[in-house]
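Read the numbers this way: they start at 1 and go in the same order the structure lists the ligands and their atoms. Below, each value reflects all heavy atoms present in this structure, side chains not excepted, and no hydrogens, waters or symmetry copies.
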Amino acid sequence: MTKPNGSSLDDHLDAEVARDASLADTAATIRALAAAAIDVSETVGRGALAGDLAAQGEHNSDGDVQKALDVIAHKRFMQALEEAPVAQVASEEAEDVVSLKPGAPLAVAIDPLDGSSNIGVGMVVGTIFGIRPVTPGTDVNASFLTPGTTQTAAGFVVYGPATTFVVTLGNGTRIFTLDRAEKVFRLTHDALQIVPSANEYAINASNVRHWDGPVKSFIEDCLRGTEGPRDRDFNMRWTAALVADAQRVLIRGGVFLYPGDNRKGYAQGRLRLLYETAPIAFLIEQAGGAATDGQARIMERVATKIHERSPLVFGSTEEVECVAKYYDGRQPSAGRSPLFGQRGLMRS
Ligand SMILES: O=P(O)(O)OC[C@H]1O[C@](O)(COP(=O)(O)O)[C@@H](O)[C@@H]1O
Ligand SMILES: [Mg+2]
Ligand SMILES: [Mg+2]
């Protein structure tokens with residue numbers, strides 16, 4: 001990682017456009033999203049003083065109950081995108097694609113508020129976005145039904161102890177931290193490089209009985225630590241906000257898994273391809289990491305509908321490659337411990 005220099009997000013976007021003039025519209029869109037993120041950050045930072053941000057409302061596209069902050073964030077980001085060179089938006093909080101400026105060059109997929117279960121309890125939440133070129137024609141969905149490799153930029157915001165704006169325009173991944181006094185995002189982590197191997201994994205372990213065999217075996221072998229085939233001890237972290245887990249992996253490595261499982265509706269996991277897994281995959285790859293659905297590179301997946309889900313495994317390359325080995329039967333040990341067996345530690 002090269003030394004951060006405290007320069008602003010605006011300076012960085014100017015430099016990216018100087019490098020590649022075709023990124024001008026993408027940069028303008030990122031500026032609009034960053035301005036909205038500062039406003040949302042202020043609301044999140046007021047906590048309960050901003051009212052009941054967890055108050056429940058309608059159901060969203062995925063059947064989740066919308067909370068007040070989901071709606072506030074969706075409205076503020078939509079307002080920002082109306083001022084940007086954006087023709088279409090696919091938002092988690094809107095059933096259908098929203099058409100904005102006819103003839104504009106870009107389409108944006110956005111999760112306005114990621115980590116909704118953390119709203120109202122003072123825990124980390126965020127925003128995720130991916131920007132693509134518009135596919136000309138009459139079908140407003142078409143721009144989104146392209147591989148993740150068509151993204152011109154992706155990013156996420158973490159509304160945590162600090163507010164950070166993590167972004168790539170295909171030239172490395174950088175973290176900018178909000179200078180609250182000046183309302184400016186400043187570069188704090190330049191050209192991130194995820195370590196190839198680390199001893200942390202992130203998974204919602206309460207779903208263990210629903211996982212498929214490869215995921216069970218992978219986690220079981222992590223739990224066995226120095227007594228298992230991985231021959232080292234692991235630590236577990238789960239923040240219930242993809243953005244926070246992704247930021248941790250970017251900074252200190254490790255692996256994140258949200259696999260498909262056998263709960264009703266979870267065959268493709270929980271996370272959505274367009275506004276969660278594809279943007280995260282772009283950012284992770286640009287930082288030297290890897291992102292897969294267990295079988296295929298996330299960046300090559302093509303959605304067939306805008307709220308499509310996909311399993312997600314990302315992080316340090318050696319750890320992601322290790323998970324892939326469990327999927328294709330090359331795992332380090334065939335004899336498993338009884339942890340997940342018929343009469344193991346997790347069953348009586
Ligand atoms: O409820 P679980 O299984 O812990 O899932 C948590 C995951 O779901 C998400 O909250 C889904 O995102 P939304 O909150 O935007 O629906 C991720 O941020 C997080 O990784
Ligand atoms: Mg989300
Ligand atoms: Mg959300």
Side-chain angles (χ1 to χ4, degrees), residues 33 36-37 40 43-44 53-54 56-78 89-95 108-121 123-130 154-160 166 200-211 215 219 236-250 254-281 283-284 291 293 298 306-315:
L33 291 166
V40 173
T43 303
V44 174
L53 296 175
Q56 303 202 344
E58 313 274 299
H59 286 83
N60 71 11
S61 57
D62 215 27
D64 289 342
V65 176
Q66 287 178 321
K67 294 182 177 166
L69 187 60
D70 288 313
V71 178
I72 291 170
H74 170 74
K75 285 188 179 154
R76 181 61 189 92
F77 282 106
M78 290 306 293
V89 181
S91 167
E92 182 190 356
E93 305 306 335
E95 185 81 37
V108 174
I110 187 161
D111 177 357
L113 205 287
D114 179 59
S116 293
S117 68
N118 286 349
I119 300 173
V121 291
M123 300 282 286
V124 175
V125 291
T127 297
I128 310 172
F129 64 87
F156 63 80
V157 188
V158 179
Y159 310 107
V166 185
E200 275 180 348
Y201 66 87
I203 194 165
N204 182 344
S206 67
N207 296 322
V208 58
R209 72 187 187 283
H210 304 296
W211 295 336
V215 172
I219 296 297
M236 195 198 81
R237 289 286 180 268
W238 184 251
T239 65
L242 173 60
V243 289
D245 285 319
Q247 180 162 271
R248 187 191 60 252
V249 167
L250 281 166
V255 63
F256 171 103
L257 303 93
Y258 210 123
D261 64 52
N262 65 20
R263 284 175 293 165
K264 190 165 181 282
Y266 278 74
Q268 294 297 309
R270 171 166 173 73
L271 303 172
R272 280 58 56 106
L273 181 55
L274 287 177
Y275 43 80
E276 293 181 316
T277 71
I280 296 292
L283 290 153
I284 293 291
D293 64 6
I298 292 282
I306 61 168
H307 298 295
E308 184 160 318
R309 297 184 182 204
S310 87
L312 178 62
V313 178
F314 71 84

What protein heavy atom sits nearest [atom], and how far off is it?
| atom | value |
| --- | --- |
| atom 13 (P) of ligand 1 | R272 NH2, 3.6 Å |
| atom 2 (P) of ligand 1 | N204 ND2, 3.5 Å |
| atom 7 (C) of ligand 1 | R270 NE, 3.8 Å |
| atom 3 (O) of ligand 1 | Y258 OH, 2.6 Å |
| atom 20 (O) of ligand 1 | L242 N, 3.4 Å |

Take every heavy atom of L113, measure it against each atom of ligand 1, and state whether any distance is under 4.0 Å.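 A heavy atom of L113 does come that close to ligand 1.
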For S117, state whether at least one heavy atom is located under 4.0 Å from any atom of ligand 1. no
With side chain to side chain contact (heavy atoms under 4.5 Å, CB included) as the test, pick out the partner of V125 among V243, I119, L53.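 Looking at V243, I119, L53, the match for V125 under the side chain to side chain contact (heavy atoms under 4.5 Å, CB included) is I119.
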Output the list of atoms in ligand 1 that are nearer than 4.0 Å to some heavy atom of [X], sorted by atom number.
| X | result |
| --- | --- |
| W238 | 4 (O), 6 (C) |
| S116 | 14 (O) |
| A241 | 18 (O) |

Of all the N, O or S atoms in E92, which one sits nearest to the Mg ion (ligand 3)? OE1
Go through the steps for E93 and Q66 under the test side chain to side chain donor-acceptor pair (under 3.5 Å), then give the verdict. CA-CA 8 Å; E93 305 306 335; Q66 287 178 321; 2.9 Å; yes
Assess whether side-chain contact (heavy atoms from CB on, under 4.5 Å) is satisfied between W211 and L257, documenting all intermediate values. CA-CA 11 Å; W211 295 336; L257 303 93; over 6 Å; no
Check against side-chain contact (heavy atoms from CB on, under 4.5 Å), D293 and T277: CA-CA 9 Å; D293 64 6; T277 71; over 6 Å; no
Could you go step by step and tell me if E276 and L312 meet the side-chain contact (heavy atoms from CB on, under 4.5 Å) rule? CA-CA 9 Å; E276 293 181 316; L312 178 62; over 6 Å; no
Closest to the Mg ion (ligand 2), among the N/O/S atoms of E276, is atom OE2
Tell me which N, O or S atom of D114 sits nearest to the Mg ion (ligand 2).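 Minimum-distance N/O/S atom of D114 relative to the Mg ion (ligand 2) is OD1.
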Which distance, rounded to the nearest 0.5 Å, do you find between the [atom1] of [X] and the [atom2] of [Y]?
| X | Y | atom1 | atom2 | value |
| --- | --- | --- | --- | --- |
| F77 | T127 | CZ | OG1 | 3.5 Å |
| L271 | I128 | CG | CD1 | 8.0 Å |
| S310 | I298 | OG | CD1 | 3.5 Å |

Geometric class of the H307/Y275 ring pair [parallel <30°, tilted 30-60°, perpendicular >60°]: perpendicular
Is the positively charged end of R237 above the ring of F256, judged by distance under 6.0 angstrom from the centroid and angle within 45° of the axis? no
Answer with side chain, backbone, both or neither: which part of D111 has a heavy atom less than 4.0 angstrom from an atom of ligand 1? side chain
How does D114 reach ligand 1, if at all, at less than 4.0 Å between non-hydrogen atoms: by side chain, backbone, both, or neither? both
Report yes if some N/O of G115 lies less than 3.5 Å from some N/O of ligand 1; otherwise report no.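 Yes; at least one N/O pair falls below 3.5 Å.
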Given the rule in the salt bridge (Lys or Arg N to Asp or Glu O under 4.0 Å) test, do D70 and K67 qualify, once you have shown the distances and angles that lead to the verdict? CA-CA 5 Å; D70 288 313; K67 294 182 177 166; over 6 Å; no
Closer than 2.8 Å to the Mg ion (ligand 3): does that hold for any N, O or S atom in D111? yes
Taking 2.8 Å as the cut-off, does P112 contribute an N, O or S atom near the Mg ion (ligand 3), distance below it?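 Within the cut-off used here (under 2.8 Å), P112 places no N, O or S atom near the Mg ion (ligand 3).
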Verify side-chain contact (heavy atoms from CB on, under 4.5 Å) between V255 and V249, making sure each step is shown before the conclusion. CA-CA 7 Å; V255 63; V249 167; over 6 Å; no
Atom 11 (C) of ligand 1: which of R263, E93, E276 has the nearest heavy atom?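 Ranked by closest heavy atom to atom 11 (C) of ligand 1, first place is E276.
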